[in-house]
There are 2 protein chains.
Amino acid sequence: MRGRGQTGNTKYVKQMNREGILFQLKQKQMSRADLAKETELSRPCVSALVDEMINEGLICEVGIGASKGGRKPMLLEYNTQAFGVVGAVFEGSTIRMALADLKGELLAQYEATLPQPTSGEMAIKGLEIGLEQLLTQTHYDKSRLLGMGVGLPGVTQKRSGTISYSPSTGWMGLPVQQEIEARLGLPVTIDNDVNMMTLGEYYQGAGKEMSTLVNMYVGTGIGAGIIINGQFYRGSHEASGEIGYMMVGPSNNPRPGDYGVFESNYAVPAIYARASQLLPSIQEGVSIVEQLVVHAQQGTEGVQELLDELYRKWAYGIANIISVLDPELLILSGEMLYIKEQGVQTIREWLSNWVPVVPVIRLASLGDQAGIAGAVHSVLESFPNKSATI
Amino acid sequence: MRGRGQTGNTKYVKQMNREGILFQLKQKQMSRADLAKETELSRPCVSALVDEMINEGLICEVGIGASKGGRKPMLLEYNTQAFGVVGAVFEGSTIRMALADLKGELLAQYEATLPQPTSGEMAIKGLEIGLEQLLTQTHYDKSRLLGMGVGLPGVTQKRSGTISYSPSTGWMGLPVQQEIEARLGLPVTIDNDVNMMTLGEYYQGAGKEMSTLVNMYVGTGIGAGIIINGQFYRGSHEASGEIGYMMVGPSNNPRPGDYGVFESNYAVPAIYARASQLLPSIQEGVSIVEQLVVHAQQGTEGVQELLDELYRKWAYGIANIISVLDPELLILSGEMLYIKEQGVQTIREWLSNWVPVVPVIRLASLGDQAGIAGAVHSVLESFPNKSATI
DNA sequence: TTAAGTTAGTTAAAATAACTAACAAAGTAT
DNA sequence: ATACTTTGTTAGTTATTTTAACTAACTTAA
C-alpha cells in the first residue's frame, strides 16, 4: 500500500508507468495505441517506455494486427520467456518443484521424497538437487531465474523469512529464507502452504478476476488466506486467517499453544476420530471426507448425520468470515473439496438465512497444483515491482 | 489503495510530495530543513512546495526556532484555520453538529431535537439550521467549508451516497448524499454511525498511532468498523464489520433480513429482556450494562451470571475477529464501555487461552464525541488528497 | 483509381518537477 | 576574530511527460 505521507519522484512515476504497461500486456496482446488508451499515458510516452522494455527483452513485437480502419497495429506481447522462476512446496515427506515462465506457466516439474525424519540440511539439499534438475531439463541458466518461492506447512514469518514451527521439513525457528538464498544463490520467498495455495487460486484458479477473496482450507488444521483489494493481507503479527482459532464448536479442551477450538473440532484429526467409530474400515491416504461421502450414499448408519454437522459447522465458520470481511469470493479447499457442488449449494442456502450478503462461493479449482502455482506467483508478483504484499 | 496497473505523471508526484509535507506538519511544527530530512526531498524542492502552500494559505510561518549550531530555522505550521469542516450525527431523535478546523478541533457545537417521527425533509432542514448557527457562531463563511460529514444509524452505502435503512431520520433507500449536497451547497460524505465512531477513535482517540484496528460496537445491534493499514475497509458490498451476523450464541430464531444471530442474543434488546427478569426495576435512558454492573456489585441474584455470559460471548466474537484479521488494536465501544478496565482484563485473559496472538485491547476513549469527531475526519481525510478509503 | 477519412506510430518542442551545486545569511564554538 | 554548522535560496541541470504536428499505412466509397 502507498503509505501515508510518502513522497516520490520522477523515477517512481516511470517505474509505475512501466508497470502499468506491463500489467496491461500481462492480460493480453496489445498495440502501443491500445496501451496509450488503457493506461491513459500519451502515445509518445508509451512508445518510449515500450522501446526501452523491448531492448531489455521484457516485451516483444509479435506481429501485425487487423486494421480498425487505418494503419495496422504492431502487436506487443509480454515476453514471458525473458526470465524464469522456481516454485517449491513441501507436502508431508515430498518436495514438489517446478520451473515456470513469467506468465506462471510451468515448463518443467520435479518431485522427490525426503527420508523421514528430515533435517533442515536435507531439505535444502533436496531443493538444490531439484533446482539443478529443472535447469538442465529446461536449458535455463540460473542467472535467468528471478527467484524461488517456497511453500511450507507450519507457521512462517514472511516478512523476516523465518519459520517458527514446521516439523515435516526439520526447520524450526530458523531464518530459512536467508539460508536457502545463501545456498542456492537465488532470491527466496517463503510462506506457508495455505497462503501459497491462496495465491495460486488468486492468480490462476478460482479467484482469477476477483480482487477480494478468502481461501478457506481444511486439512490437519483449519486456516485461511486473505486477499484484500489484490493484496495479500497478513495481519499485524502475520496471524491473519488463523481461523482454526475461531470459537466454533465445543471448547472443552483447547490448551494454549495448541490447536484452536474450531480446528480441534472440525479438522481432519477430529473427523478421523469420529469417523473411525462409524465406518467399518478407513483407508489410509484417501481423503476422510471423501470416504464419509461414499458411506453416506451407501447408507452407513450415522454418517450422514456426521457430515451434516461438519457442513453446518464449517458454514458457521464461513458465516463468521463473511460477517467480518464481506469478501467478493470465498474459495473452499482441502478436505472441503469433497463436499462437491451439491454440498456447496447446501451451505449457500444456509448462509442466505444467516448473513445479509452471501459472496460467490467456489471450490478451489487447481487441485494439488495450487500450492506450486502460488509459490511461482509469490516470486512473480514482486516483479518488476517491489513489495506487492501489505 | 494504489491499484494494480495504475499510471502516474509528474503532477501526481507533486501532489504526493505536497501531501507528504502536509502529513509531517500535521504531526508537529517543523522547519523546511526538518521537512527535507523527514520526507527525503531536496531542500529546494521542499522550499518551493512550502512557498506554494504558504501562498495558498495552507501553511504558516510561525516564528524562529532554536539554533542547532547554525542559522536559526523558520518554523512552519499547518494552518488549521485555513478551512473548516462540519460534522453531523443523528442519534435517536437528536442531531448533533460541530464545526471544526483542519486539525479536527471543534470550534463550535450545536444540538437539536427532531420531532418524531421525522421525515427526510425535516432532517435536512435540521442540518440547514444547524449549519447556519455554526457559521454565525464562528464567523466562518460557507465558502471556507470543505464539506460536511454526516453519520447516521442504519445501513449506508458510502460509495453511492445512499441509505437503505434508517428509520430515525426518515430516510429510506434515498440518494441522501446528493440531496443534502444540493440543499446545503456543500460536498457531503455520509456513513453509518459506527463507521464514523471508528474514524473518530482512529484519528483522535484510542486508535491514534495505530494503523490496523477494529472497533467493536454493542448497541441496539452489534457492528464493527475496520481500518486496515490506515484505510477504512468497507468490504465488497459495503457489508464488512457486520459482526452482528456471526454465529455466536443460540441460533433458534434468526430470520432472513432480520437481526443476526450474535446481536439477537447479545445486543441491548436481548440483554434488556433478560435483565428485566432479574432486576427489580430498570431505569430508562441509562446503559443497561451499567445497571447490571451496579446490581452485580450489590449481589442481586443471577446478575453476575448474566454478565459473565455476556462477557464470555462478546469475547467469543472478539476471538473470531482476531482469528480472521489479526488487528493491531481492538477498540470496545458502546455498551461495552461499562465493563470497565477490569472487564477488559478478564476478556484479555480468556483470549490468551483461545488465540495465538492477542492484540492491544482498549475501551473507546472519546465517549459520545467519537461520532462527531469521525464525521469531521471523514471530510478531512480526503483533504487535500482525493479518496482515502478503499 | 482516386480522394477522403481514420488509425498507428514518430518526432520535436514545451512544460513540469525533481535534483545538484554553489552560496549567502546567521548562528555557534574556540 | 576565525572556523565551522545549519538554514534557506539561487542558478542551472536532468529526467520525464505532454502537446502538437507529422509521416505512414490502411479502409471506404464514389
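Here the structure is a predicted model, which is why all the values come from computation and not from measurement. Side-chain atoms are counted along with the backbone in the values below, which use heavy atoms only and exclude waters and symmetry mates.
Atom-to-atom, CG of Asp34(B) to P of dT7(D) comes out at 7 Å; the value is rounded to the nearest Å. Taking atom CD on Gln15(B) and atom P on dA18(C), their separation rounds to 11 Å, with Å as the unit. Atom CD1 of Ile64(A) and atom P of dA8(C) are 13 Å apart (whole Å). As a whole-Å value, the separation of Met30(A) CE from dA8(C) P is 12 Å. Rounded to an integer number of Å, the gap from CG of Leu75(A) to P of dA8(C) is 10 Å. Straight-line distance from the CE atom of Met74(A) to the P atom of dC26(D): 11 Å, rounded to whole Å. Between the OH atom of Tyr12(B) and the C1' atom of dT16(C) there is a distance of 17 Å, given to the nearest Å. Straight-line distance from the CG atom of Asn9(A) to the P atom of dA17(C): 14 Å, rounded to whole Å.
A salt bridge does not link Glu38(B) with Lys28(B): every distance from a Lys NZ or Arg NE/NH1/NH2 to an Asp or Glu carboxylate oxygen is 4.0 Å or more. Ion pairing between a basic and an acidic side chain is recognised when a charged N comes within 4.0 Å of a carboxylate O; Glu61(B) and Arg32(B) show such pairing.
Listed by first then second residue, pairs satisfying salt bridge (charged side-chain N to carboxylate O under 4.0 Å, His left out) with a partner in residues 141-151 of chain B number zero, not counting sequence neighbours.
Rounding to the nearest 0.5 angstrom, the gap separating the CG atom in Asn215(B) from the OH atom in Tyr202(B) is 13.5 Å.
Within the 4.0 Å cut-off from OP1 or OP2 of dT9(D), at least one side-chain nitrogen or oxygen of Arg32(B) is found. Contact check, Lys37(B) against dT7(D): a side-chain N or O comes under 4.0 Å of OP1 or OP2. Dashed line: the shortest gap from a side-chain N or O of Thr10(B) to OP1 or OP2 of dA15(C) is not under 4.0 Å. Listed pair Asn17(B) / dA18(C) meets the phosphate criterion, a side-chain N or O lying under 4.0 Å from OP1 or OP2.
Under the 3.5 Å distance criterion, the side-chain polar atoms of Asn79(B) are matched with a main-chain donor or acceptor of Gly57(B). No donor-acceptor pair under 3.5 Å is formed between the side chain of Asp191(A) and the backbone N or O of Met196(A). Thr80(B) places no side-chain N or O within donor-acceptor distance of the main-chain N or O of Lys103(B), the cut-off being under 3.5 Å.
With sequence neighbours excluded, no residue forms a ring pair (Phe, Tyr, Trp, His ring centres under 6.0 Å) with Tyr140(A). Residues satisfying the side chain to side chain contact (heavy atoms under 4.5 Å, CB included) test with Ala182(B), not counting sequence neighbours, are none.
Direction change of the helix axis from one end of the helix from dT1(C)-dA30(D) to dT30(C)-dA1(D) to the other is 10°, with five pairs defining each end axis (rounded to 10°).
Taken residue by residue, residues 39-60 of chain A places heavy atoms nearer than 4.0 Å to DNA chain D at Ser42(A), Pro44(A), Cys45(A).
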Stepwise side chain to side chain donor-acceptor pair (under 3.5 Å) check, Ser31(A) with Asp34(A): CA-CA 5 Å; Ser31(A) 66; Asp34(A) 294 334; 3.2 Å; yes
Derivation of the side chain to side chain contact (heavy atoms under 4.5 Å, CB included) call for Glu77(A) and Ile59(A): CA-CA 6 Å; Glu77(A) 190 178 74; Ile59(A) 292 180; over 6 Å; no
With 3.5 Å as the limit, what N/O pairs link the protein to nucleotides 27-30 of chain C?
from	atom 1	to	atom 2	distance (Å)
dG27(C)	N2	Gly69(B)	O	3.2

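Annotation: Phe383(A) is in aromatic contact with Phe83(A) [ring centroid separation under 6.0 Å].
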